[in-house]
Amino acid sequence: MAVYIKPIPVLTGKVAEKFEKAARESEAKRGTVDFSQEVEMVKHILAKSDIRRFKR
């Protein structure tokens with residue numbers, strides 16, 4: 001017996017326009033996360049650790 005596959009819903013009208021606007025805004029903000037504080041924290045933790053004893 002075959003299983004029914006539901007069709008993909010399509011956005012139309014104002015809902016589609018709102019979705020497109022939100023997608024464009026998100027795409028424009030892409031890559032704007034600043035991880036410099038986290039990088040400094042990791043550097044500090046690694047500097048405090050005695051990681052050199054594991055190297056041969």
Side-chain angles (χ1 to χ4, degrees):
M1 175 158 46
V3 178
Y4 177 73
I5 300 174
K6 294 181 182 178
I8 299 172
V10 178
L11 299 176
T12 58
K14 289 187 179 188
V15 176
E17 292 172 6
K18 184 177 178 182
F19 179 82
E20 283 288 328
K21 181 181 177 189
R24 285 192 183 107
E25 289 174 359
S26 295
E27 189 176 13
K29 293 179 185 178
R30 186 174 163 222
T32 59
V33 179
D34 183 20
F35 289 106
S36 60
Q37 184 178 4
E38 288 81 1
V39 170
E40 291 301 318
M41 186 181 351
V42 170
K43 285 181 182 178
H44 180 71
I45 292 169
L46 290 175
K48 286 176 56 177
S49 72
D50 191 18
I51 199 158
R52 289 181 291 271
R53 69 178 176 171
F54 296 111
K55 293 182 180 179
R56 290 185 175 180

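Basis for what follows: all heavy atoms, side chains included, without hydrogens, waters or symmetry-related copies.
Note that the CG atom of Leu11 and the CD atom of Glu17 stand 11.0 Å from one another [nearest 0.5 Å].
Phe19 has its side chain out of reach of Lys21: every pair of non-hydrogen atoms, C-beta onward, lies at least 4.5 Å apart.
The 12-atom threshold is not exceeded at CD of Gln37, counting heavy atoms of other residues, nucleotides or ligands nearer than 6.0 Å.
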